[in-house]
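Basis for what follows: all heavy atoms, side chains included, without hydrogens, waters or symmetry-related copies. Residue numbers start at 1 and run along the sequence shown.
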Amino acid sequence: MRESEKPPSTGALTLAELAPLGEIVVLDGLSGRDGTNRSRSGHQQISATTDQEAVLAWLARFADSANTLANSRHEAERLLLWSVAERAKPLSSLSHEDLLMYRRFLSNPQPAERWVMAPGRKASRRSPDWRPFAGPLSEASTRQAMTVLNSLFSWLVEAGYLAGNPLSLSKRRGKAPKPRVTRFLETDLWEVVRGTILAMPQETPRQRAVYARARWLFSIFFLGGLRISEVVGNRMGDFYMRSNHKSGEQRWWLEVLGKGDKQRMVPATTELMVELMAYRRALELPELPQPGEPSPLVFPVAWRRSSHPAPVWPEPMTRSAVHGILKEVFAAAADRWLKEGRSQEQANKLSAASAHWLRHTAGSNLANDIDLRHVRDTLGHTTLSTTNIYVHGEDDARHDAVNASHRISW
């Protein structure tokens, strides 16, 4: 943005005043009470009087979906902060031109000291070091951000809070290209991630605990194809055995409560069960969980089993904590990649990877070798019925196929 395009800074947030959504304090003139795009029809259907209250009302719709809530909050929060800190306008006064500027801002959030998190461990949202961005957004991430914001503006218009949607004037896209998964790790990148974990130090008890947890985390994300919300939201007791309806052979499954409160059965392959047993041995627990055991799928490193016969189970780790563990491993893998004299572009891809990349990597690996119906049901893209013998037969075929073809090979 040229200097002449910048709005006056009077009333805008300072660096120290940037705060997460729900804690933003602004002058009344920037609250949105008198926003130029506020509806005057008298038919408002929400009780919000400020932009912040209106955004929170929109977010309340996603209370039953942790992933959607987190993503939607993230995008709304960034726009609200940018609106008052950079444009000195309430969100309800933003014009079409403002949103075009914001789209450009996403690809290069400046000044970086105000907007971008320092490299290294992610700061807590209540930390003074917290910033809304980890870095510039890719074109794909920018499109996704604007899609979320378009949904926000459309809903606020429908709710009678705004008079119009400033994003509705954006260029309509032509025929959409076929969906293409790009956020996954090709074989060579996946191999360097595995090598990074295997090379982790194991000299002290803490180092061994860190290694065991990292290895288990990557195993369950990849072999189970789980979402991060499913890893933190399900329990060890969700592993169970069921007989093959033809041979009577006992197979392990993991029952997952996933997105949209839908339950599905994930084949617990032989390799996944071996990794589970190794992880539980590292925790000094029995190798196999008891039915209904309430322990989390992933334990804090500091947890130690008490001498009491019944362990006191820890609280599940947060999404943010699990995300941080994964990002540390991916960052170390990127360093390893560069030290081997390989390309910066692929190192950047490793640095950008996350839990969802592991899920896409699992799906891509599965789709290479087995029936896509098995991939669909394992990843939970549709509801899986387990109430009749025909579906049991489909499940058993899927278990055989996943067990034979989907391996991590530590």
Taking the ring of Y279 and the ring of Y211, is the distance between their centroids below 6.0 Å? no
So do the side chains of V232 and V298 get within less than 4.5 Å of each other, counting heavy atoms only? no
Between Y102 and W82, is the ring centroid distance below 6.0 Å? yes
Does R131 use its side chain to pair, donor to acceptor, with the backbone of E113 at less than 3.5 Å? yes
Return the set of residues passing salt bridge (charged side-chain N to carboxylate O under 4.0 Å, His left out) with R38 (not counting sequence neighbours), or none when no residue passes. none
Flag the pair R304 and E284 as a salt bridge only when some basic side-chain nitrogen lies within less than 4.0 angstrom of an acidic carboxylate oxygen. no
For the student: nearest non-hydrogen atoms of L350 and A333, plus distance: CD1-O, 3.8 Å
Check whether N234 reaches the backbone of L257 with its side chain - one donor and one acceptor, N or O, closer than 3.5 Å. yes
I'd like to know if the side chain of R208 and the backbone of E203 have a donor-acceptor N/O pair within less than 3.5 Å. yes
May I ask you to check whether S39 and S41 show a side-chain donor-acceptor distance below 3.5 Å? yes
With distance as the sole test, does S107 use its side chain to make a donor-acceptor pair with the main-chain N or O of R104 at under 3.5 Å? yes
Angle between ring planes, F222 versus H406, binned at 30° and 60°: parallel, tilted or perpendicular? tilted
Side chain proximity check, H356 to I228, heavy atoms < 4.5 angstrom: no
Sub-4.5 Å side-chain heavy-atom contact between V256 and D238: no
Heavy-atom donor-acceptor pair, W216 side chain to A278 backbone, under 3.5 Å: no
Between CE on residue M273 and CG on residue L288, distance to nearest 0.5 Å: 5.0 Å
Within 45 degrees of the ring normal and closer than 6.0 Å to the centroid, is that where the cationic atom of K349 sits relative to F330? no
Does CD in E158 sit with more than 12 non-hydrogen atoms of other residues, nucleotides or ligands closer than 6.0 Å? no
Would you indicate whether the side-chain heavy atoms of R281 and E287 approach each other to under 4.5 Å? yes
Distance only, no hydrogens: is a donor on one side chain within 3.5 Å (strictly under) of an acceptor on the other, for Q344 and N348? yes
Within the 6.0 Å centroid threshold, strictly below: F133 and F105: yes
Nearest non-hydrogen partners of L152 and A76, listed with the distance: CD2-CB, 4.3 Å
Within the distance-only criterion (no hydrogens, no angle test), does the side chain of S141 pair as donor or acceptor with the backbone N or O of L137 below 3.5 angstrom? no
Search all heavy atoms of P109 against all heavy atoms of G135 and return the closest pair with its distance. CG-O, 4.1 Å
Stepwise, does the side chain to side chain donor-acceptor pair (under 3.5 Å) test hold for T270 with W252? CA-CA 8 Å; T270 301; W252 280 97; over 6 Å; no
Where do A214 and I197 come nearest, in terms of heavy atoms and distance? O-CD1, 4.3 Å
Restricting to salt bridge (charged side-chain N to carboxylate O under 4.0 Å, His left out), what partner residues turn up for R336, sequence neighbours left out? E340
Give, for atom CZ of R242 and atom CD of Q250, the distance between the pair rounded to the nearest 0.5 Å. 10.5 Å
Indicate yes or no: does R235 engage E293 in a salt bridge with an N to O separation below 4.0 Å. no
L167 side chain near M146 side chain, heavy-atom distance below 4.5 Å: yes
Is the backbone N or O of E271 less than 3.5 Å from a side-chain atom of R407, with the two atoms forming a donor-acceptor pair by type? no
Does D51 pair with K89 as a salt bridge, N-O distance under 4.0 Å? no
Tightest non-hydrogen contact, residues R280 and S295, listed as NH1-OG, 4.2 Å
Are R33 and E53 within salt-bridge range, i.e. N to O under 4.0 Å? no
Measure the OG1-CG distance between T142 and L106 for me, rounded to the nearest 0.5 Å. 5.0 Å
Is the side chain of H399 donor-acceptor paired with the backbone N or O of V266 at a distance under 3.5 Å, no angle test? no
Are P311 and W303 side-chain neighbours, meaning at least one heavy-atom pair lies under 4.5 Å? yes
Given side chains that start at C-beta, do those of R319 and N67 come closer than 4.5 Å, heavy atoms only? yes
Given the rule in the ring pair (Phe, Tyr, Trp, His ring centres under 6.0 Å) test, do Y161 and F153 qualify, once you have shown the distances and angles that lead to the verdict? CA-CA 9 Å; Y161 183 82; F153 282 118; over 10 Å; no
From the options V193, L189, L185, select the one residue that forms a side chain to side chain contact (heavy atoms under 4.5 Å, CB included) with W357. L185
Ignoring hydrogens and angles, state whether a donor on the side chain of D98 or S95 is under 3.5 Å from an acceptor on the partner side chain. yes
Within 6.0 Å of CZ in R206, more than 12 heavy atoms from elsewhere: no
Quick one: does Q290's side chain have a donor or acceptor within less than 3.5 Å of a partner on P294's backbone? no
Given side chains that start at C-beta, do those of S219 and L276 come closer than 4.5 Å, heavy atoms only? no
Of all heavy-atom pairs linking L99 and P166, the shortest is CD2-CG, 4.1 Å
If we ignore angles and hydrogens, is there a donor and acceptor under 3.5 Å between the side chains of R251 and N403? no
Given the rule in the salt bridge (charged side-chain N to carboxylate O under 4.0 Å, His left out) test, do R103 and E139 qualify, once you have shown the distances and angles that lead to the verdict? CA-CA 10 Å; R103 197 185 196 287; E139 179 58 29; 3.0 Å; yes
Any Lys/Arg nitrogen of R264 or E255 sitting under 4.0 Å from an Asp/Glu carboxylate oxygen of the other? no
Could you measure the distance from the CG atom of L79 to the CD atom of E77? Nearest 0.5 Å is fine. 11.0 Å
Pairs in or reaching into residues 213-223: which pass salt bridge (Lys or Arg N to Asp or Glu O under 4.0 Å), with residues at least two apart or in two chains? R215-E275
Can you tell me how far CH2 of W253 sits from CG of L272, rounded to the nearest 0.5 angstrom? 12.5 Å
Hey, what do you get for CG (N150) to CZ (R143), rounding to the nearest 0.5 Å? 14.5 Å
Is a side-chain donor or acceptor of R359 paired with a backbone partner of L226 at a separation under 3.5 angstrom? no
Does a donor on one side chain sit under 3.5 Å from an acceptor on the other, for S72 and W58? no
Is the closest side-chain donor-acceptor distance between N37 and S93 under 3.5 Å? no
